A.B. asks: 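Structure below; questions to follow.
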Amino acid sequence: MSTSSLSPSLFGKRVLLGISAGIAAYKSAHLARLLKKAGAEVRVVMTEGAQAFITPLTLQALTGEPVRTSLLDPEAEAGMGHIELAKWADIILIAPATADLMARLAHGHADDLLTTLCLATEARCLMAPAMNQAMWRHPATLANAERLETLDWTLLGPDAGDQACGDIGPGRMLEPETILGRLSASLDAGVPLLTDRDATARQLAGLRVVITAGPTREALDPVRYLSNHSSGKMGYALAAACVARGAEVTLVSGPVTLDTPPGVTRVDVLSATEMLAAVEAQQPCDLFIGCAAVADYRAAEIAEHKLKKGDGDDGLSLTLVRNPDIVATIAARADRPFTVGFAAETRELENHAGDKLARKRLDLIVANDVSDRDIGFGSDDNAATLLWQEDRDIRRLALSRQPKPALAGAILDHIATRLP
Ligand code: PMT
């Protein structure tokens with residue numbers, strides 16, 4: 001063992017490494033080695049399912065200690081009973097922690113050796129969640145994660161990126177080196193371990209973000225206008241989620257009835273040309289998200305006085321002219337920020353969104369189906385498919401229906417992985 005790898009905080013510490021049933025379990029062998037190299041005493045407890053991914057013998061060879069797998073093992077209990085083992089540990093570190101294990105621990109179950117130990121211990125408890133991105137984003141898992149934190153568990157990660165199942169998103173177990181680094185750095189400094197919430201709070205720290213939200217209003221005369229059904233909920237949720245991630249946020253908002261999220265600077269506008277001017281006044285910035293439903297056309301001339309029904313007139317013809325395209329204008333700047341657009345589609349969602357991604361030269365587009373009244377315009381929920389170009393391919397990530405604030409968080413989690 002090289003002395004340089006010893007960690008003052010982990011040296012001599014008794015670490016109980018719990019392993020549950022995830023594909024990331026293969027990384028736990030390396031984590032056990034790193035813990036040993038750092039000078040910790042390591043004992044391993046595996047759930048029944050974990051043994052389908054990695055054998056107890058591998059962990060036994062790496063730690064030099066018998067691996068415990070069962071609560072009802074008379075022989076093992078005769079050596080060190082489970083309550084003794086719970087008292088032995090200074091730190092319980094579960095990596096990977098599956099959604100099921102998180103649920104059982106969040107609700108105080110003690111139906112196998114690992115959950116029983118966690119209930120019986122006074123050790124510092126940490127876990128590195130690992131699961132499919134949709135499972136991690138499920139409100140039940142997120143609620144369990146929050147509950148575990150209130151029960152003094154520290155969550156390390158998860159990381160976001162490519163997953164073994166082919167999906168992309170949050171849910172990957174942190175790399176063993178990162179887990180060890182976070183654990184020992186925080187123990188060395190005597191500060192609380194970095195929780196996932198802390199990591200989220202820093203995701204966009206120091207970045208200037210500009211977001212458009214709501215509809216635009218294109219006046220026809222002093223009392224009439226062209227507009228659409230955007231409520232601003234999606235854009236306001238994004239603004240709040242950016243502030244929660246540490247960004248400085250300016251929200252350029254069309255006319256809506258929402259309160260400004262705390263910490264957000266709001267600039268009110270009415271028309272598309274006003275919105276463009278307000279967005280341009282905020283440049284340069286680091287991230288621009290065009291979530292507003294901007295009217296594509298405006299009246300060629302705004303009547304000075306209220307339009308009157310003409311005598312004998314059967315109808316009224318209006319001449320409309322194109323509005324400037326705000327996201328495309330920002331994406332075309334020499335000092336362009338990372339530029340994200342939305343695509344509001346009623347058919348061929350991904351085809352049309354893919355066209356807009358290319359035509360407007362965006363870094364990412366959030367496609368949503370506005371033909372469904374339960375999502376999109378005005379609703380509390382939304383669902384989206386993120387599209388972006390990578391290595392000449394168009395990549396996609398589907399985000400299931402969820403409340404707009406949760407979806408905003410999921411969109412930003414992904415954007416954060418793509419920022420330069
Ligand atoms: O506000 P909510 O009620 O919560 O509803 C949310 C939403 C449905 C409005 C939102 O999720 C959404 O889809 N926003 C984009 C609406 C839209 O105008 O989509 P589009 O496909 O027509 O435009 C594509 C992109 O170009 C958008 O980023 C849009 O902001 C931008 N654009 C469009 C026209 C224009 N003149 N300038 C632009 O910048």
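Remember, it's a predicted structure, so these values are computed and weren't measured experimentally. Computed from heavy atoms alone, side chains included, the values below leave out hydrogens, waters and symmetry copies. Each ligand, and each atom within it, is numbered from 1 in the order the structure gives.
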A.B. asks: Which residue pairs pass the side-chain hydrogen bond (donor to acceptor under 3.5 Å, both in side chains) test when at least one of the two sits in residues 258-268, sequence neighbours left out?
C.D. replies: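 Sorted result for residues 258-268: Tyr236-Arg266, Thr260-Arg266, Arg266-Asp268.
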A.B. asks: Are Asp111 and Arg104 close enough for a salt bridge, meaning some N to O gap below 4.0 Å?
C.D. replies: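 Salt bridge present between Asp111 and Arg104.
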A.B. asks: Among all the protein's non-hydrogen atoms, which is closest to atom 6 (C) of ligand 1, and how far away is it?
C.D. replies: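 Looking only at protein heavy atoms, the one closest to atom 6 (C) of ligand 1 is Met234 CB, 3.6 Å.
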A.B. asks: Atom 2 (P) of ligand 1: which protein heavy atom is closest, and how many Å away?
C.D. replies: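 Answer, as residue, atom name and distance: Ser231 OG, 3.3 Å.
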A.B. asks: Among all protein heavy atoms, pick the one closest to atom 34 (C) of ligand 1 and tell me residue, atom and distance.
C.D. replies: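 Among all protein heavy atoms, the one nearest atom 34 (C) of ligand 1 is Asp296 OD1, 3.3 Å.
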A.B. asks: Please list the nearest protein heavy atom to atom 10 (C) of ligand 1 with its residue and the distance rounded to 0.1 Å.
C.D. replies: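 Sorting protein heavy atoms by distance from atom 10 (C) of ligand 1 puts Asn368 OD1, 3.7 Å first.
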A.B. asks: Give the single entry among Ser230, Ala292, Ala272 that approaches atom 17 (C) of ligand 1 most closely by any heavy atom.
C.D. replies: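 Shortest heavy-atom distance from atom 17 (C) of ligand 1: Ala292.
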A.B. asks: Would you mind finding which of Leu407, Ile326, Thr216 brings a heavy atom closest to atom 38 (C) of ligand 1?
C.D. replies: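 Shortest heavy-atom distance from atom 38 (C) of ligand 1: Ile326.
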A.B. asks: Does the distance from a Lys or Arg side-chain N to an Asp or Glu carboxylate O, for Arg401 and Asp372, drop under 4.0 Å?
C.D. replies: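 So Arg401 does not pair with Asp372 through a salt bridge.
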A.B. asks: Please determine if Ala344 has a nitrogen or oxygen closer than 3.5 Å to a nitrogen or oxygen of ligand 1.
C.D. replies: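 Among all N and O atoms of Ala344, at least one is under 3.5 Å from an N or O of ligand 1.
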A.B. asks: Evaluating non-hydrogen atoms only, which member of Phe288, Tyr236, Tyr297, Phe342 is closest to atom 27 (C) of ligand 1?
C.D. replies: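 Answer by nearest heavy atom: Phe342.
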A.B. asks: For atom 5 (O) of ligand 1, what is the nearest protein heavy atom, given as residue, atom name and distance?
C.D. replies: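 For atom 5 (O) of ligand 1, the nearest protein heavy atom is Gly376 O, 3.5 Å.
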A.B. asks: Got the closest protein heavy atom to atom 20 (P) of ligand 1, with its distance?
C.D. replies: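 The protein heavy atom lying closest is Lys356 NZ, 3.7 Å.
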